[in-house]
Amino acid sequence: MYNIGIDLGGTNIAIGIVDENYNIVLKDKVPTHTERPTSAIMDDMANLCKSLLERLNLTFSDIGSAGIATPGAVDIANGVVRYSPNIKMENYPIVQELKNRVPVKNVFVENDANAAALAEAKAGAGKGLDD
């Protein structure tokens with residue numbers, strides 16, 4: 001089983017496919033172009049997910065979950081970006097919007113700094129440490 005990691009930034013949308021051991025199998029990025037409507041940014045995010053899967057000869061049935069890291073205030077329980085300083089998002093249902101574009105059952109969102117800390121704890125410099 002694989003997972004998709006999405007880093008939605010003010011400059012780029014970076015996406016990686018990771019295996020069950022958190023090894024990055026393939027990654028790529030596209031410019032965010034924050035001046036565009038949020039729907040266009042979400043379309044690019046979905047299209048890049050699809051492109052990576054095609055390049056790996058995988059389908060969405062091979063994906064266990066997708067996680068979106070985004071700047072700003074995030075309501076993780078409801079999958080909503082309350083406010084983003086870099087991207088025109090206010091009370092934006094980012095989890096549902098990604099689910100509308102790609103058939104991934106489990107989609108999560110987190111503030112990008114918190115997501116980076118979690119990634120370090122799971123697979124990076126903090127792996128195996130308690131604090």
Novice: If hydrophobic clusters are built from ILVMFWY residues whose side chains come within less than 4.5 Å, do Val30 and Ile24 share one?
Specialist: no
Novice: Considering the options Asp44, Thr32, Val109, which one meets the side-chain contact (heavy atoms from CB on, under 4.5 Å) requirement together with Leu8?
Specialist: Thr32
Novice: Please check if the number of heavy atoms outside Ile76 that lie under 6.0 Å from its CD1 is greater than 12.
Specialist: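 No, the 6.0 Å shell around CD1 holds no more than 12 heavy atoms from other groups.
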Novice: Measuring from Glu20:CD to Met1:CE, what's the distance to the nearest 0.5 Å?
Specialist: 9.5 Å
Novice: Strictly distance-based, threshold 3.5 Å: is any side-chain N or O of Asn21 a donor or acceptor partner for the main-chain N or O of Asn23?
Specialist: no
Novice: Is there a chain of hydrophobic side chains (I, L, V, M, F, W, Y, each step under 4.5 Å between heavy atoms) that links Val25 to Leu52?
Specialist: yes
Novice: Do Ile87 and Tyr83 share a hydrophobic cluster (ILVMFWY, side-chain heavy atoms under 4.5 Å, transitive)?
Specialist: no
Novice: Ignoring hydrogens and geometry, is there a side-chain-to-backbone donor-acceptor pair from Asn114 to Glu110 under 3.5 Å?
Specialist: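 No: the side chain of Asn114 does not pair with the backbone of Glu110.
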Novice: Test of understanding: clusters of I, L, V, M, F, W, Y form through side-chain heavy atoms closer than 4.5 Å, transitively. Do Ile15 and Leu26 belong to the same one?
Specialist: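 Yes, it is one cluster - the side chains of Ile15 and Leu26 are joined through contacts under 4.5 Å.
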Novice: If you look at every heavy atom in Lys99 and Val104, which pair is closest and at what distance?
Specialist: CG-O, 3.7 Å
Novice: Scan residues 50-64 for pairs that pass salt bridge (Lys or Arg N to Asp or Glu O under 4.0 Å), counting only residues two or more places apart or in two chains.
Specialist: Asp28-Arg55
Novice: Is there a donor-acceptor pair closer than 3.5 Å between any side-chain N or O of Asn12 and the backbone N or O of Ala14?
Specialist: no
Novice: Could you tell me the separation between the CD1 atom of Ile68 and the CD1 atom of Ile13, rounded to the nearest 0.5 Å?
Specialist: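 These two atoms lie 10.5 Å from each other.
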Novice: So how far is it from Arg82 CZ to Asp75 CG, rounded to the nearest 0.5 Å?
Specialist: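 Here the interatomic distance stands at 4.5 Å.
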Novice: Taking Glu35's backbone N and O only, do any of them form a donor-acceptor pair with Lys88's side chain (distance below 3.5 Å, no angle check)?
Specialist: yes
Novice: What are the two closest heavy atoms between Pro71 and Ser84, and how far apart are they?
Specialist: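 That would be O-OG, 3.4 Å.
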Novice: Are the side chain of Arg36 and the backbone N or O of His33 linked by a donor-acceptor pair below 3.5 Å?
Specialist: yes
Novice: Return the minimal non-hydrogen interatomic distance between Val95 and Phe108, and the atom names on each side.
Specialist: CG2-C, 4.1 Å
Novice: Within a radius of less than 6.0 Å around OH of Tyr2, do more than 12 heavy atoms belonging to other residues, nucleotides or ligands occur?
Specialist: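 No, the 6.0 Å shell around OH holds no more than 12 heavy atoms from other groups.
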Novice: Give a yes or no on this: more than 12 heavy atoms of other residues, nucleotides or ligands lie within 6.0 Å of atom CG of Asn91.
Specialist: yes
Novice: Taking Val107 as the fixed residue, which of Ile6, Val102, Leu98, Ile4 is the one that meets the side-chain contact (heavy atoms from CB on, under 4.5 Å) rule?
Specialist: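 It is Leu98; the other options fail the test.
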Novice: Do Leu53 and Ile63 have side-chain heavy atoms sitting under 4.5 Å apart?
Specialist: yes
Novice: Measure the OG1-NZ distance between Thr11 and Lys29 for me, rounded to the nearest 0.5 Å.
Specialist: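 Atom-to-atom, Thr11:OG1 and Lys29:NZ are 9.0 Å apart.
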Novice: With a 4.5 Å heavy-atom cut-off, do Val80 and Ile94 have their side chains touching?
Specialist: no
Novice: So, Asn3 side chain and Val18 main chain: donor-acceptor pair closer than 3.5 Å or not?
Specialist: no
Novice: Rounded to the nearest 0.5 Å, what separates atom NZ in Lys27 from atom CG in Asp7?
Specialist: 11.0 Å
Novice: Ignoring hydrogens, what is the shortest heavy-atom contact between Arg101 and Ser39? Give both atom names and the distance.
Specialist: NH2-O, 3.5 Å
Novice: For Pro85 versus Gly72, what's the shortest heavy-atom pair and its separation?
Specialist: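 Between these two residues, the closest heavy atoms are CD-CA, 3.6 Å.
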Novice: Do the non-hydrogen side-chain atoms of Tyr92 and Met42 ever get within less than 4.5 Å of each other?
Specialist: yes
